[in-house]
Amino acid sequence: MTFGATITDAEGLRLNPEERALFRQINPFGFILFSRNIESADQVRALCDDFREAVGRNCPITIDQEGGRVQRLRAPLAREWRSPLDHAMQAGDEAERAMYLRYRLIADELFSLGIDSNCAPMVDVAQPETHAFLRNRCYGTDAKTASRIGRAVAQGHLDGSVLPVVKHIPGHGRATLDSHHDLPHVDLSLDELEHNDFAPFRELNDLPMGMTAHLVYDQIDPQPATISAPMMGLIRDKIGFDGLVMTDDISMKALSGSLSELAGLSLKAGCDVVLHCNGTLPERAAVLEAAGEMSDTAQTRAERALAMRKAPQELDIQAAEAELSRLMGGQVYER
């Protein structure tokens, strides 16, 4: 079975008949959840079942559950976490272990609801100029710290049977604009970028999935990385990432053009899967149709990623929470 080259979403708490029919016809690779799709534990499990029944397989279902400002699951369904950067800084020398435990607990929450992927780790390197929409979601202000903590975060997911999606490849930390609304530009040489911004992604190039960055690296190519063949070539060849590459949401305002055009341009540039969120049913249908089926190479990467879903390792939740509290001096959760 060849997967559709898309990850898409649903309008509400359960699939409606039109969505079921569309997904059955197009067979998207996977799905993503948002706050509008979440009401209760039983409802989320039922919606995940809806997605999988529609495509007739155990498709991946992902979410943005970083903690801090970006977490779709909230209390009482999930713990309310501090921002990742605040959490890592509070943990200090114990940040790797503390962040592993944080995301191992997050993975447990997700897996219990039928969600088996998360758009993390985010290993963009925080800079003084990094836009506020991104900065406190980072793990550190240098490449080595971002890499080390990113590896721990990824392992916490994998140990909980949740596929990590490393983002925003090849590096979003220099962005001074919010790509949800504007197109950021970075005017640094390839040498400067390789030694800092790109380095964490090179260290984590064995992870199963990655998400692109919607920004322009002016000295490399005038097109945003998501639709840039030179940038995608750099991701594959210089960074060495051979996992499944999904776009960031193509409906974000950083990108210009119709959704169908953007779907085609991103796949032509070298992305494997188009992520489209928050559209109407006709918009989703247009993107699914424009993206079509995965290429043979993308299909191989997708199957390799799915093969990394293993049974979760045993987790003593009380012990994990107690250890995390000790490492964090008792300041674990958002108050």
Side-chain angles (χ1 to χ4, degrees), residues 7 32 62-71 83-85 117-127 129-141 143 145-147 149-151 153-154 157 163-186 188 193-194 196-205 207-218 220-221 223-228 230-232 234-236 238-241 243-255 262 266 269-277:
I7 295 172
I32 187 167
T62 195
I63 195 168
D64 284 298
Q65 191 73 1
E66 299 173 8
R69 286 183 296 112
V70 181
Q71 56 177 80
S83 74
L85 187 58
S117 175
N118 190 18
C119 296
M122 198 188 86
V123 296
D124 303 317
V125 181
Q127 306 292 331
E129 70 271 21
T130 303
H131 192 281
F133 100 93
L134 191 78
R135 195 174 195 282
N136 72 354
R137 298 163 57 194
C138 299
Y139 303 156
T141 57
T145 299
S147 300
I149 294 177
R151 176 65 68 185
V153 169
H157 284 94
L163 292 176
V165 180
V166 63
K167 63 186 186 186
H168 302 88
I169 192 166
H172 213 309
R174 303 280 180 177
T176 59
L177 298 172
D178 181 349
S179 55
H180 291 86
H181 307 290
D182 300 286
L183 177 60
H185 286 250
V186 176
L188 292 176
L193 291 165
E194 280 192 317
N196 190 70
D197 304 64
F198 299 171
F201 297 96
R202 191 165 52 245
E203 291 297 318
L204 301 178
N205 65 13
L207 292 186
M209 295 193 286
M211 176 187 287
T212 64
H214 289 336
L215 74 167
V216 174
Y217 302 88
D218 288 309
I220 303 172
D221 188 63
Q223 293 293 331
T226 300
I227 58 173
S228 165
M231 288 307 307
M232 291 305 303
L234 182 151
I235 288 168
R236 297 301 190 189
K238 284 189 172 293
I239 291 175
F241 190 85
L244 189 79
V245 172
M246 57 192 275
T247 71
D248 204 344
D249 177 15
I250 61 167
S251 70
M252 291 165 62
K253 303 307 179 186
L255 301 181
L262 292 171
S266 60
C271 295
D272 298 306
V273 182
V274 176
L275 173 66
H276 174 233
C277 309

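- The side-chain contact (heavy atoms from CB on, under 4.5 Å) check on Ala269 picks up Met232, with sequence neighbours excluded.
- Within the 4.5 Å cutoff, the side chain of Val153 has no heavy atoms near those of the Pro164 side chain.
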Ser179 and Leu215: CA distance, side-chain angles, deciding distance, side-chain contact (heavy atoms from CB on, under 4.5 Å) verdict
CA-CA 7 Å; Ser179 55; Leu215 74 167; over 6 Å; no
Met209 and Val273: side-chain contact (heavy atoms from CB on, under 4.5 Å), yes or no, with the steps?
CA-CA 10 Å; Met209 295 193 286; Val273 182; over 6 Å; no
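- Considering only residues two or more places apart in sequence or on other chains, His168 meets the ring pair (Phe, Tyr, Trp, His ring centres under 6.0 Å) condition with His172.
- Listed for the Ser266 side chain is no donor-acceptor partner under 3.5 Å among the backbone atoms of Thr226.
- Under the side-chain hydrogen bond (donor to acceptor under 3.5 Å, both in side chains) criterion, Arg236 pairs with Asp272, sequence neighbours left out.
- Residues in residues 171-181 take part in these salt bridge (charged side-chain N to carboxylate O under 4.0 Å, His left out) pairs, two or more places apart or across chains: Glu129-Arg174, Arg174-Asp197.
- By the side-chain contact (heavy atoms from CB on, under 4.5 Å) test, Arg69 is found to be paired with Asn136, Arg137, residues two or more places apart in sequence or in another chain being considered.
- In terms of heavy-atom proximity, Asn196 sits nearest to Ala143 at O-CB, 3.5 Å.
- Atoms CE and CE, on Met246 and Met211 in that order, are 4.0 Å from each other to the nearest 0.5 Å.
- Residues Pro121 and Tyr139 share a closest heavy-atom pair of CA-OH, 3.2 Å.
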side-chain contact (heavy atoms from CB on, under 4.5 Å), that's the test. Do Gln127 and Thr176 meet it? Break it down for me.
CA-CA 10 Å; Gln127 306 292 331; Thr176 59; over 6 Å; no
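- Contact between Val125 and Pro200 at its shortest, heavy atoms only, is CG2-CG, 3.8 Å.
- By the side-chain contact (heavy atoms from CB on, under 4.5 Å) test, Ser228 pairs with Asp221, Gln223, Pro230, Met231, sequence neighbours left out.
- Applying the side-chain hydrogen bond (donor to acceptor under 3.5 Å, both in side chains) criterion to Ser83, with sequence neighbours excluded, gives Asp86.
- If you take CD1 on Ile7 and CG on Leu275, they are separated by 6.0 Å, rounding to the nearest 0.5 Å.
- With Thr247 contributing its side chain and Val274 its backbone, the two residues share no donor-acceptor pair below 3.5 Å.
- Partners of His185 by ring pair (Phe, Tyr, Trp, His ring centres under 6.0 Å), not counting sequence neighbours: none found.
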Test Thr145 against Ile149 for side-chain contact (heavy atoms from CB on, under 4.5 Å), laying out the working first.
CA-CA 6 Å; Thr145 299; Ile149 294 177; 3.8 Å; yes
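- Not one N or O on the side chain of Thr62 forms a donor-acceptor pair closer than 3.5 Å with the backbone of Ile32.
- Residues meeting the ring pair (Phe, Tyr, Trp, His ring centres under 6.0 Å) test with Tyr217, sequence neighbours left out: Phe198.
- Each of Glu66, His157, Gln65 was compared with Asn118 under the side chain to side chain donor-acceptor pair (under 3.5 Å) criterion, and only His157 meets it.
- His214 meets the ring pair (Phe, Tyr, Trp, His ring centres under 6.0 Å) test with no other residue; sequence neighbours excluded.
- Remark: Lys238 engages Glu194 in a salt bridge (charged side-chain N to carboxylate O under 4.0 Å, His left out) (not counting sequence neighbours).
- Although no hydrogens or angles enter the test, the distance criterion places no donor-acceptor pair under 3.5 Å between the side chain of Asp182 and the main chain of Leu177.
- Residues Val186 and Pro184 are not in side-chain contact: their nearest non-hydrogen atoms beyond the backbone lie 4.5 Å or more apart.
- Expressed to the nearest 0.5 Å, how far CD1 of Ile235 lies from SG of Cys271 amounts to 7.0 Å.
- Contact record, Ala225 with Pro170: CB-CD, 4.3 Å, taken as the closest heavy-atom pair.
- Across all their heavy atoms, Leu234 and Ile220 have their closest contact at CD1-CD1, 4.1 Å.
- Rounded to the nearest 0.5 Å, atoms CG (Asp249) and NE2 (His276) are 6.5 Å apart.
- In this structure, the separation between CD1 on Ile169 and CZ on Arg202 is 11.0 Å, given to the nearest 0.5 Å.
- When every heavy atom of Ser147 is checked against every heavy atom of Glu203, the shortest pair comes out as OG-CG, 3.7 Å.
- Shown here are the side-chain contact (heavy atoms from CB on, under 4.5 Å) partners of Arg151, two or more places apart in sequence or in another chain: Leu204, Asp206, Leu207.
- Taking 4.5 Å as the limit, every side-chain heavy atom of Pro84 sits out of range of all side-chain heavy atoms of Cys138.
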